[in-house]
Amino acid sequence: MKTRIKELRKERKLSQEELALAVGTTRQTITSIEVGKYTASLVLAYKIAHYFGLTIEEVFDFSEENEL
Amino acid sequence: MEKFRATVKRRIVISSGMALVTMVLGAYSIYSIIISDVSTATHSDGFVAGFQFGLIISIFGFSLFDIVKLSLAINDETKLKILYNKEHDERMKTIRSKAGMPLIAITSMLMVIAAIVAGYFNIVVFYTLVIAVAAQLSVSAMVKLYCMKTM
């Protein structure tokens with residue numbers, strides 16, 4: 001799944017480690033979500049979106065899922 | 001986080017207890033090796049004793065490592081949070097469950113205990129159980145590595 005996490009991180013000059021610490025996960029998980037290897041759970045997606053002050057749809061791209 | 005801090009403190013106590021017990025067992029193993037009658041001992045006896053000693057030393061080493069790691073984390077709020085996140089990370093939980101944890105670890109431990117007990121009666125059973133444990137742990141480790149690469 002495509003996400004805007006990397007872009008949002010860069011805007012806020014935030015490292016993966018800092019984001020991971022803030023949302024209660026590991027740096028490796030943030031990396032996996034950013035490259036699309038891992039799809040975050042609803043809770044983690046909410047935490048990430050909430051951290052950036054956005055909605056889940058604004059951070060995560062669900063267009064591929066909608067095609068099904 | 002206070003609840004997790006209490007858990008970490010409890011783990012330090014458990015690891016310290018393990019280190020102490022393994023230290024006593026290790027000392028006893030060394031004593032047993034020294035006083036044993038070499039002329040009547042078979043190769044199998046030596047192997048089982050060596051395996052036990054190795055296991056005791058490994059548990060002792062892991063306990064010490066745990067004590068140091070947890071003590072460092074408990075005195076540093078950031079390290080404690082990182083440790084908490086690492087243990088409760090959803091991706092790692094999924095990977096661990098795909099690798100068969102914690103069941104594989106529990107069965108392996110039981111099989112090792114069974115192997116040690118069986119080793120006093122039948123060396124073939126001992127070898128079989130140890131090889132089975134090594135095989136299942138290897139498969140689990142391979143699955144874990146694969147999942148970590150692909151997830």
Side-chain angles (χ1 to χ4, degrees), chain A, chain B residues 1-12 15 62 65-105 137-151:
Chain A
M1 179 186 280
K2 287 177 191 164
T3 76
R4 285 181 57 216
I5 297 174
K6 195 173 182 177
E7 177 195 328
L8 293 163
R9 265 198 318 106
K10 298 277 177 204
E11 276 175 18
R12 287 162 175 80
K13 293 188 173 62
L14 200 68
S15 70
Q16 288 180 330
E17 190 78 59
E18 288 165 328
L19 177 63
L21 202 63
V23 298
T25 189
T26 59
R27 185 188 56 76
Q28 289 85 351
T29 300
I30 296 293
T31 309
S32 289
I33 296 169
E34 279 185 3
V35 298
K37 276 186 183 176
Y38 178 70
T39 305
S41 70
L42 181 62
V43 176
L44 184 57
Y46 171 76
K47 281 182 184 172
I48 293 169
H50 189 257
Y51 180 79
F52 289 119
L54 301 166
T55 61
I56 292 177
E57 291 93 327
E58 285 171 317
V59 179
F60 295 87
D61 180 10
F62 290 94
S63 57
E64 284 174 15
E65 270 68 19
N66 288 339
E67 284 169 16
L68 293 170
Chain B
M1 198 49 75
E2 282 313 304
K3 203 176 165 188
F4 184 63
R5 190 186 292 276
T7 308
V8 170
K9 275 183 190 168
R10 200 167 50 240
R11 273 195 222 162
I12 292 173
S15 291
F62 279 118
F65 177 76
D66 249 12
I67 294 167
V68 173
K69 189 181 84 176
L70 297 174
S71 300
L72 286 174
I74 212 156
N75 294 320
D76 187 332
E77 200 61 38
T78 314
K79 278 184 185 164
L80 190 69
K81 184 102 199 294
I82 290 171
L83 184 71
Y84 179 85
N85 289 350
K86 208 172 167 183
E87 287 186 11
H88 295 85
D89 181 39
E90 58 173 52
R91 180 175 151 269
M92 277 314 292
K93 275 185 186 172
T94 311
I95 292 171
R96 274 189 225 117
S97 111
K98 280 190 178 183
M101 293 294 171
L103 259 180
I104 294 276
L137 286 176
S138 304
V139 171
S140 173
M142 279 189 280
V143 171
K144 191 175 176 181
L145 279 174
Y146 175 76
C147 289
M148 282 175 90
K149 281 268 176 199
T150 54
M151 276 179 78

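In the text below, chain A, chain B and the rest are named by the order of the sequence lines, each starting its count at 1. As the structure is a prediction and not an experimental result, all values here were calculated from the model.
A side-chain N or O of B/Asp89 and one of A/Thr26 form a donor-acceptor pair less than 3.5 Å apart. A donor-acceptor contact under 3.5 angstrom links the side chains of A/Thr55 and A/Glu58, judged on distance only.
Distance check, rounded to the nearest 0.5 Å: CG of A/Leu8 to CD of A/Glu11 gives 5.5 Å. In this structure, B/Thr150 OG1 and B/Lys98 NZ are separated by 7.0 Å, a value rounded to the nearest 0.5 Å.
With a 4.5 angstrom heavy-atom cutoff, B/Lys93 does not touch chain A via any of its atoms.
A salt bridge between B/Arg5 and B/Glu2 is present, with a side-chain N of the basic residue lying under 4.0 Å from a carboxylate O of the acidic one.
Side-chain atoms of A/Thr29 do not come within 3.5 Å of backbone N or O of A/Thr25 as any donor-acceptor pair. Remark: side-chain polar atoms of B/Glu90 are not paired, donor with acceptor, to backbone N or O of A/Ala40 under 3.5 angstrom.
Among the candidates A/Val35, A/Leu44, A/Val23, the residue making the largest number of heavy-atom pairs closer than 4.5 Å to chain B is A/Leu44.
Proximity to chain B at a heavy-atom threshold of 4.5 Å picks out A/Glu17, A/Ala20, A/Leu21 from residues 12-22 of chain A, in numerical order.
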